[in-house]
Amino acid sequence: MDDATEAFVAHRSLLFTVAYELLGSAADAEDVLQETWMRWVGVELGEVRDQRAYLVRITTRQALSRLRALGRRKESYVGPWLPEPLLTSPDVAEDVELAESVSMAMLLVLETLTPTERAVFVLREVFDLDYDEIAEAVDKSTVAVRQIAHRARAHVAARRPRGAASAAESRDALAAFRRAIETGDLQGLLDVLAPDVVLLSDGGGVVQAVPQPVVGADKVARLMEAGLPRLVGQVSLAPVQVNGWPALIVRIDGEVDNVVAVRIDDGLVTGLYVVRNPEKLSRVQEETPVSR
């Protein structure tokens, strides 16, 4: 490989992760990587002091441009929008900060930031870039970036999981949830749901999904209890790791129907994220490398 290709390949997983955390979409992240590559091959490498930082800067700029366009697309999205789930390897969970940053729950928190706030937060808190590097990536002064970072940290802190759950606690809660679903045990389901649990279902207007968020343990449990008898065919619930955390892949007659990810606070399920849009399920067939 030539030097440009070698550098790009060496950092590809990192660049994909940056783009994915900014966009919540693997398909769009891959497009950003293509755009990054096209710009990278035109760079005079002898003038690049830090190849990693330079590549991250290109990726961030391309992702920000696409993020603003995505915002307009999401305004016309049918029903709740959820991030595209990724099947990830077990070693992702070992990097707690990385696993939290790509979790479905955190990606939804990041959705509440402005594009620039999101980029600054991700680059600083997840990838530990210095403020000068971030300033170049987002075309702001270093002073402005420090202020944006402070504001974004406070915003995220107010919305991130209240009591951080370990991977083991998440697995236990998800296993109890799975047993309750498979046995039709309504009380068992209620026992693992927080009183203020929220269920979001993303069908994208392509397949049937719950059109509005469902709030409250009783409502969520009864919705799931009512929906199960309608499933026709052989249903299987397979525990997997999605976005660095335990999740379930639901298959009907061997075909992936949906992915269920959860948010755990203080040992109880506070968020249920059900992705049914088939356009978002291609990345749960094989593992996607993420890194920082």
Side-chain angles (χ1 to χ4, degrees), residues 1-70 83-103 106-107 110 113 115-140 142 145 148-149 152 241-245 282-283 286-292:
M1 291 186 290
D2 59 48
D3 290 345
T5 304
E6 186 175 359
F8 185 83
V9 170
H11 296 296
R12 191 186 191 287
S13 177
L14 161 73
L15 301 177
F16 172 85
T17 309
V18 170
Y20 176 74
E21 291 202 18
L22 292 182
L23 299 166
S25 164
D28 285 295
E30 290 290 358
D31 287 344
V32 163
L33 258 62
Q34 281 292 107
E35 294 161 2
T36 299
W37 166 249
M38 295 299 292
R39 282 157 178 76
W40 176 242
V41 292
V43 171
E44 178 56 58
L45 295 188
E47 299 177 3
V48 176
R49 178 177 56 83
D50 184 334
Q51 292 182 344
R52 176 183 183 270
Y54 199 100
L55 281 163
V56 168
R57 184 161 69 246
I58 299 174
T59 300
T60 300
R61 288 177 174 172
Q62 298 308 310
L64 275 173
S65 176
R66 189 166 290 254
L67 182 59
R68 294 182 178 107
L70 274 177
E84 183 178 352
L86 307 178
L87 188 68
T88 50
S89 62
D91 64 338
V92 173
E94 296 173 7
D95 185 338
V96 176
E97 289 184 357
L98 175 62
E100 184 191 22
S101 72
V102 298
S103 70
M106 178 56 76
L107 290 175
L110 295 180
L113 297 171
T116 301
E117 287 174 342
R118 185 169 184 167
V120 170
F121 180 86
V122 167
L123 295 179
R124 180 62 183 171
E125 301 300 314
V126 182
F127 297 98
D128 199 30
L129 266 66
D130 65 40
Y131 290 111
D132 291 337
E133 290 174 323
I134 298 171
E136 288 190 52
V138 300
D139 292 322
K140 300 284 185 183
T142 301
V145 164
I148 293 168
Q241 188 178 93
V242 166
N243 290 55
W245 292 89
S282 63
R283 291 281 181 150
E286 60 180 47
E287 291 177 358
T288 297
V290 294
S291 64
R292 63 189 183 114

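The figures here come from the full heavy-atom set of this structure, side chains too, leaving out hydrogens, waters and symmetry mates. In this text, all values refer to a predicted model and were calculated from it rather than measured experimentally.
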For this session: Check the pair Val41 / Phe8 against side chain to side chain contact (heavy atoms under 4.5 Å, CB included), numbers first and verdict last.
Result: CA-CA 9 Å; Val41 292; Phe8 185 83; over 6 Å; no
Exercise. Given Val102 and Leu86, is the side chain to side chain contact (heavy atoms under 4.5 Å, CB included) satisfied, shown in steps?
Worked result: CA-CA 9 Å; Val102 298; Leu86 307 178; 6.0 Å; no
For this session: With side chain to side chain contact (heavy atoms under 4.5 Å, CB included) as the test, would you mind laying out the steps for Val145 and Arg124 before giving the verdict?
Result: CA-CA 10 Å; Val145 164; Arg124 180 62 183 171; over 6 Å; no
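Taking 4.5 Å as the limit, some side-chain heavy atom of Pro90 sits within range of a side-chain heavy atom of Glu287. In this structure, the side chains of Thr17 and Leu98 come closer than 4.5 Å at one or more pairs of heavy atoms. Using a 4.5 Å heavy-atom threshold, the side chains of Tyr20 and Leu107 count as touching. Residues Leu129 and Arg52 form a side-chain contact, since some pair of their non-hydrogen atoms from C-beta on lies under 4.5 Å apart. Using a 4.5 Å cut-off on side-chain heavy atoms (C-beta onward), Ser101 and Val122 make no contact. Annotation: side chain of Ile58 is not in contact with side chain of Trp37 (no heavy-atom distance under 4.5 Å). Proximity of Leu15 to Val56: side-chain heavy atoms (C-beta onward) are separated by under 4.5 Å at one or more points. A 4.5 Å side-chain heavy-atom check between Tyr54 and His11 finds every atom pair outside the cut-off.
The minimum heavy-atom distance between Ala27 and Glu84, with the atom names listed, is N-OE1, 3.2 Å. In terms of heavy atoms, Leu14 sits closest to Ser291 at N-OG, 3.3 Å. Annotation for Pro85 and Val242: closest pair CB-CG1, 3.7 Å, computed over non-hydrogen atoms. The heavy-atom pair separating Leu55 from Ala7 by the smallest distance is CD1-O, 4.0 Å. Listed here is the closest heavy atom pair of Ala93 and Ala99: CA-CB, 4.1 Å. Between Leu64 and Thr116, the closest heavy-atom pair is CD2-N, 4.1 Å.
Between atom CZ of residue Arg57 and atom CD of residue Glu136 there is a gap of 4.5 Å, rounded to the nearest 0.5 Å. The CE atom of Met106 sits 9.5 Å away from the CD atom of Glu125 when rounded to the nearest 0.5 Å. Between the CD atom of Glu100 and the CG atom of Asp95 there is a distance of 11.0 Å, given to the nearest 0.5 Å. Rounding to the nearest 0.5 Å places CG of Leu110 at 11.0 Å from CD of Glu117. Residue Thr142 holds its OG1 atom at 10.5 Å from CD of Glu133, rounded to the nearest 0.5 Å. Thr60 OG1 to Leu67 CG: the interatomic distance, rounded to the nearest 0.5 Å, is 11.0 Å.
The list of salt bridge (Lys or Arg N to Asp or Glu O under 4.0 Å) pairs with a residue in residues 38-48, not counting sequence neighbours, is empty.
With respect to the salt-bridge test (charged N to carboxylate O, under 4.0 angstrom), the residues Asp128 and Arg292 do not qualify. Ionic pairing of Arg12 and Glu30 is present here: one or more N-O contacts between side-chain nitrogen and carboxylate oxygen are shorter than 4.0 angstrom.
No cation-pi contact links Arg118 to Phe121, judged by a cut-off of 6.0 Å to the six-membered ring centre and 45° from its axis.
With sequence neighbours excluded, no residue forms a ring-ring contact (aromatic ring centres under 6.0 Å, His included) with Tyr131.
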